[in-house]
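Along the sequence shown, residues are numbered consecutively beginning with 1.
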Amino acid sequence: MEVCVIAKCTYKSETIMFSVSSESSMVDILKTLCLRFRGLQLGCFTLRYSVPSYPSCFLETDSDLDLMRTFLLISNEKTVDILVKDLCGISEYSGDFCVNKELIACEKGESSCSSTVEDRNEFLGRSKRASAKPLLSNEWETYIHHVGQKFDGGAEEFRLKLCKYALEVGFNFLYAGNDKKRVVAVCSNKKLEGCSWRVYASRCEATGSFVIRTLNNVHTCAGRIRESKSKMMRSRVVSSLIVDRIRAKPELKPVEIIHEFKDYYGIDISYYHAWFGKELAKLDVHGDESKSFNELVWYTDAVKETNTGSLCTLDCEAGINRFRRFFVSFGGCIAGFQYCIPLLFIDATFLKSKYKGQLLCASGKNGNQGFYPLAFGVVDSETEENWTWFLQHLASILLPMGRVVTFFSDRNQGLLNAMGFVFPGWPHSYCYYHLKQNLISKYPKSGYGKLLQDRVINLFSRCAYAVTEEEFKVAMEELVIVGSSKVKAFISDLSRDHYANAFFKGMRYGEMANSLAESFNNWVGVFQDLPVLPLIEGIRQKLMVLNSQRRFEAEKWTTVLCPEMETRLCENAEAGRTWAVRRSNSTVFEVFADYSVMVDLEQRTCSCRLWQIDGFPCTDAVAAILAKRDSVYDYVECYYKTDFFRKAYESPIFPIPDIGKGLGSNGSAAGVVLPPITKRPAGRPPTKRIKVFGEFKRPLKCSRCSVAGHNRKTCKAII
């Protein structure tokens, strides 16, 4: 019985159909495929066919072909899909696996029994010929192949594919004509060797696409070989290949791009092409930086529409409508902040984009000791006026909550003046770490020696951490004697009410430094060189994901307190388990350890003053609570409890879709928002913050093997 089926063969993006009868052999099918598909050679591809329930069946021999025909007859199928796959880098004479070698040998009239190449490679060991690594550029060879080929992307797509084609085939070309309507390219060896390769493509007015009109795809010049360096590798080609990488990883470095091109494409590119290609890719992904400021008008309305309860403001210069500053606090963050510890860490970090500027941020702290971004803004510079504007918007969020918040910051003069104006009388703590670095700068090792420097810093730390006025006085007197006039000048300009535990008016909950603001700056550092809108939107997306992750994590917690604080409470209870506790009355106890202290459970105080300073039961307090047989959790601030943590992340930050952004007006009522005026400084633009004198990076230490120099993720130590 004659069995005839229609085979639908697909190779890359092209498909052909032909009939397969009971008389057809594998040789016939292979010859048909090589004739119909350009660039397909015998022995360099495999065949797989698909039938119901079996999507990838081998088709390599006549026996496989007979089985396929039989199965199709039983299944009453009239068509079959066959997929043609390349075996990259494998030739018909390589020592590796080769498809249908017997069929190829028979076709060429050769013996398939001899395999000297296979034997040679098998016994040469390390000296055997290596197989070529499959490269992402292998398909470029098919980009230019026949007259009538269309390029929907117009002239730009045609030029890009022509460059990639030349790179893969291994030749250079010159433009004999190049404009928006036509492109004519000839081989660069035309003048020297008279090479006849030529391609002419022009625009189709009906569709706007580019079409190849004439093509002589045969080179008559000397032999060509694909080289690792080529004049055809241009910045625009680099940009087209890394645009998706830049979208996913904006901080990708030119050096990384160079390595990736060598690994994935087998091409060497210069640092300039990598850098400029990245800049072009950023332009394709994020658009023109100057137009990004104008899009803030749409974004401001979109934030208020999608995230109810948000505070978002765009401020421009009157008359000329030039950008000055932008403030945003999302409704989900505002609603959750009242369940966080009443602390706010204020800081600014510079931006690296074309128009520079400063990113101002206000971050809180949740009950699990993590940072909680409340608000941030973009301003042209860190001035008193801009800080006042930022803090006034912050006040409109904090004042309705009806609670006093303690602020942490460095001693930027503009910020200090703005704080006194907007939040008079509110607790304000100077960052202990910045104060320490300022003091270190007055005693350089080269002039005073490390011993004196360490002694001065140790005494200043004792002053800052002293829990009583007496301890502070003793440490300060010694500091002035050791540090002499330099310390006197430093202390005279520093109010002790803003840094010393013994005199601070307010609650700092154990915090001494502005570290959480620095954590936020590092967290958003990957967006610092982006235009203003991608910067703000990148922070929003990252914040949305962070809040969502913490919300789902908290659902799994089974402890009364957040895990970090539960661990701390257990450690305090364990440390005081052997201490003697004596009752004075129903709420007052005396605890005996190395020395005795008084604990008043009603007033929630301890004579060691750590309970008052940290806002969390100290070891003495926990011992007294357990002696009274009360629940320790009743004496812990509600901010540290799991239910408050869950409420802090209960209100999500919603997406801001931009699918309809271009449909409405893209400007403000007064016109287009202009970018700020900036002057490019001399020299190469800095990309890293300049560290203050004496500042150092904490050495990396593995938590698995306790050895410095690597982290747990990269640890290879045998334990």
Minimum-distance pair of heavy atoms, taken over all atoms of L374 and C333: CD1-O, 3.8 Å
Heavy-atom side-chain contact between F520 and F345 under 4.5 Å: no
Short side-chain to backbone donor-acceptor contact, S607 and V597, under 3.5 Å: no
Mutual orientation of the aromatic rings belonging to F460 and F490 [parallel < 30°, tilted 30-60°, perpendicular > 60°]: perpendicular
Short side-chain to backbone donor-acceptor contact, S596 and V591, under 3.5 Å: no
Main-chain N/O of G483 paired to Y443 side chain as donor or acceptor, under 3.5 Å: yes
Expected output: side-chain S651 to main-chain G332 donor-acceptor under 3.5 Å: no
Carboxylate-amine/guanidinium contact R247 D244, below 4.0 Å: yes
Spatial distance of atom OH (Y640) from atom CZ (F616) [nearest 0.5 Å]: 7.5 Å
From C606 atom SG to D600 atom CG, the distance as rounded to the nearest 0.5 Å: 10.0 Å
Candidate list I536, V378, V379, test side chain to side chain contact (heavy atoms under 4.5 Å, CB included), partner L359, passing option: V378
Residue pair E251 / D529, side-chain heavy-atom distance below 4.5 Å: no
Short side-chain to backbone donor-acceptor contact, S292 and L533, under 3.5 Å: yes
R609 to F504 six-membered ring, cation-pi geometry met (6.0 Å, 45°): no
N/O donor-acceptor pair under 3.5 Å between N711 side chain and T714 backbone: yes
Trace of the salt bridge (Lys or Arg N to Asp or Glu O under 4.0 Å) decision for E650 with K647: CA-CA 5 Å; E650 192 174 39; K647 289 180 180 178; over 6 Å; no
Test ring pair (Phe, Tyr, Trp, His ring centres under 6.0 Å) applied to Y430 and H428, step by step: CA-CA 7 Å; Y430 298 156; H428 184 195; 5.6 Å; yes
Where A348 and N521 come nearest, the two heavy atoms and their spacing: O-ND2, 4.2 Å
Salt-bridge criterion met for E537 and R540 (N-O under 4.0 Å): yes
Geometric class of the Y299/F326 ring pair [parallel <30°, tilted 30-60°, perpendicular >60°]: tilted
Donor-acceptor contact below 3.5 Å, side chain K628 vs main chain F589: no
Gap separating the NZ atom of K278 from the NZ atom of K253, nearest 0.5 angstrom: 9.0 Å
T383: side-chain contact (heavy atoms from CB on, under 4.5 Å) partners, not counting sequence neighbours: S381, E385, N386
Euclidean distance, L530 CG relative to K352 NZ, rounded to 0.5 Å: 10.5 Å
CA sep, side-chain torsions, deciding dist, call: E566, Y633, side chain to side chain donor-acceptor pair (under 3.5 Å): CA-CA 10 Å; E566 187 79 25; Y633 300 116; 2.6 Å; yes
Heavy-atom side-chain proximity of M565 to Q369 below 4.5 angstrom: yes
Short side-chain to backbone donor-acceptor contact, N572 and P617, under 3.5 Å: yes
Aromatic plane relationship, W387 with F390 - under 30° parallel, 30 to 60° tilted, over 60° perpendicular: perpendicular
Distance, nearest 0.5 Å, that separates CG of D497 from CG of L494: 10.0 Å
Y372 and F337 aromatic ring geometry - parallel, tilted or perpendicular at 30°/60° bounds: tilted
Closest non-hydrogen atom pair, C340 against Y639: O-CD2, 3.3 Å
Y509 side chain reached by P342 side chain, heavy atoms, under 4.5 Å: yes
Donor-acceptor pair between N522 and E518 side chains, under 3.5 angstrom: no
Option among R568, R508, R604 that satisfies the salt bridge (Lys or Arg N to Asp or Glu O under 4.0 Å) test with D614: R568
Working for ring pair (Phe, Tyr, Trp, His ring centres under 6.0 Å), residues Y432 and Y499: CA-CA 7 Å; Y432 160 73; Y499 76 95; 8.6 Å; no
Residues E256, K249: salt bridge by 4.0 Å N-O rule: yes
